Amino acid sequence: MPELPEVEVVRAGLQAHVAGRVIARVEVLHPRAIRRHALGPEDFTARLAGARVEAARRRGKYLWLELSDKEAVLAHLGMSGQMLVQPEGAPDEKHLRVRVRFADGGPELRFVDQRTFGGLALADLTGEDLLPAPIAHIGRDPMDPAFDPAAAVRALRSRRTELKRALLDQTLVSGVGNIYADEALWRAKLHWSRPTEKLTNAQGRAVLEAATEVMAEALKAGGTSFDALYVNVNGQSGYFDRSLNVYGRQDRPCGRCGTAIRREPFMNRSSYFCPRCQRRGRT
DNA sequence: ATGGTGACCTGGAGGC
DNA sequence: TGCCTCCAGGTCACCA
């Protein structure tokens with residue numbers, strides 16, 4: 001599942017292989033892939049023709065291709081989205097949703113997405129940071145040079161909910177998904193359902209530092225795994241699997257204390273944690 | 001305003 | 001073999 005590190009790998013690939021190129025023609029093969037573009041496929045394709053890609057940028061799990069005139073193609077990979085750079089004429093992928101051809105006749109960009117949770121949209125860039133308008137409300141991610149850890153801790157503690165819910169709330173801190181939330185909580189020795197009002201400053205700081213650390217390690221592990229034709233990760237948690245300490249490891253021993261990792265239902269999905277290292281209880 | 005729930009979507013896994 | 005159910009989970013519409 002693409003969380004921040006995976007999306008950053010994709011962004012770097014797009015920067016290397018797409019930035020500086022002029023779009024010739026865009027083809028939408030599945031309307032759901034651009035459902036967040038309110039004006040529809042015709043508007044989307046018409047306005048992109050002739051546009052130049054200035055850069056590939058990212059905040060949290062969102063990435064965007066910056067165009068001239070303060071516009072951008074905003075992308076979210078959802079659960080299964082991929083950005084592929086393929087030679088023109090290469091066989092279409094089964095779940096190819098959008099094709100972008102370039103004026104230079106070089107490799108084309110393909111948005112492939114089996115489960116169609118992801119999508120593309122054309123958006124205006126707004127504010128000092130030139131963020132796409134639809135995501136102007138999300139928080140900075142921990143990789144952002146301007147990320148303010150103290151402010152992020154305050155934001156987490158201002159909520160009245162379970163710690164993991166707060167970690168997954170992209171308006172507080174962006175980029176953290178289910179996998180890295182569980183990993184960060186394990187590293188910080190905090191239980192996923194700890195009430196945020198009982199979270200101390202030190203604990204808040206610890207879990208954010210852990211999240212930053214684990215995502216940086218994952219990024220490092222993934223930074224070598226794409227080449228010119230495949231600007232992506234594999235859609236699973238992929239190359240970083242081996243380094244996960246709790247996620248998906250139900251009944252296997254905790255790497256710290258040997259206790260069996262437990263899985264609990266959480267928001268129609270799962271939370272994995274060590275019942276010994278990560279106590280629910282009091283501070 | 002805030003917090004919590006279910007829908008969206010497809011394919012792989014596992015039960016019978 | 002084949003049918004069925006469950007599961008994965010990021011985001012958003014919707015509800016209280």
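This is a predicted model, so every value here is computed, not measured.
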With distance as the sole criterion, is a donor-acceptor pair present between the side chains of [X] and [Y] under 3.5 Å?
| X | Y | result |
| --- | --- | --- |
| A:Thr196 | A:Arg157 | no |
| A:Trp192 | A:Glu264 | yes |
| A:Lys164 | A:Ser271 | yes |
| A:Gln86 | A:Glu93 | yes |

Tell me the interatomic distance from [X], atom [atom1], to [N], atom [atom2], rounded to whole angstroms.
| X | N | atom1 | atom2 | value |
| --- | --- | --- | --- | --- |
| A:Asp113 | B:dT10 | CG | P | 10 Å |
| A:His76 | C:dG10 | NE2 | C1' | 6 Å |
| A:Met267 | B:dT5 | CE | P | 8 Å |
| A:Asp169 | C:dT11 | CG | P | 10 Å |
| A:Gln114 | B:dC8 | CD | P | 17 Å |
| A:Leu77 | C:dT11 | CG | P | 10 Å |
| A:Leu74 | C:dG10 | CG | P | 17 Å |
| A:Arg32 | C:dC12 | CZ | P | 12 Å |

Check: Which is true for A:Arg35 with a 4.0 Å heavy-atom rule: it touches a base, it touches only sugar-phosphate, or it touches nothing?
Finding: nothing
Note to self: Using a 4.0 Å heavy-atom cut-off, does A:Phe266 contact any base of the nucleic acid, only the sugar-phosphate backbone, or nothing at all?
What the structure shows: nothing
Check: Could A:Arg140 and A:Phe147 be counted as a cation-pi pair, given that NZ or CZ must be under 6.0 Å from the ring centre and within 45° of the axis?
Finding: no
Measuring to OP1 and OP2 of [N], would you say a side-chain N or O of [X] lies under 4.0 angstrom away?
| X | N | result |
| --- | --- | --- |
| A:Lys61 | C:dT11 | yes |
| A:Thr116 | B:dC8 | no |
| A:Arg165 | B:dT5 | yes |

Margin query: Closer than 4.0 angstrom, basic N to acidic O: yes or no for A:Arg187 and A:Glu213?
Written below: yes
Notebook entry, point to check: the helix from B:dT2-C:dA16 to B:dC16-C:dG2: angle between its terminal axes, five pairs each, to 10°?
Noted result: 50°
Margin query: For A:Arg160 and A:His30, find the nucleotide of DNA chain B closest to each by heavy atoms; which residue's nucleotide sits nearer the 5' end?
Written below: A:Arg160
Check: Taking the six-membered ring for Trp, is the centroid-to-centroid distance between A:Trp186 and A:Phe273 below 6.0 Å?
Finding: no
Checklist line | A:Arg35 side chain vs A:Arg32 backbone, donor-acceptor pair below 3.5 Å | finding: yes
Notebook entry, point to check: So, A:Arg99 side chain and A:Leu96 main chain: donor-acceptor pair closer than 3.5 Å or not?
Noted result: no
Next item on the list: Going by the side-chain contact (heavy atoms from CB on, under 4.5 Å) test, name the single residue among A:Arg57, A:His76, A:Arg11 that passes it with A:Trp64.
Entry: A:Arg57
Next item on the list: Consider the side chain of A:His95, meaning its heavy atoms from C-beta on, and name the nucleotide among B:dT10, C:dT11, B:dG3 that approaches it most closely.
Entry: B:dT10
Check nucleotides 4-8 of chain C against the protein and report each pair of N or O atoms closer than 3.5 Å, with its distance, or say if there are none.
| unit_1 | atom_1 | unit_2 | atom_2 | d |
| --- | --- | --- | --- | --- |
| C:dA8 | OP1 | A:Arg263 | NE | 3.4 |
| C:dA8 | OP1 | A:Arg263 | NH2 | 3.1 |
| C:dA8 | OP1 | A:Ser270 | OG | 2.7 |
| C:dA8 | O3' | A:Tyr247 | OH | 3.1 |
| C:dA8 | N1 | A:Arg115 | NH2 | 3.3 |
| C:dA8 | N3 | A:Arg115 | NH1 | 3.2 |
| C:dA8 | N3 | A:Arg115 | NH2 | 2.8 |

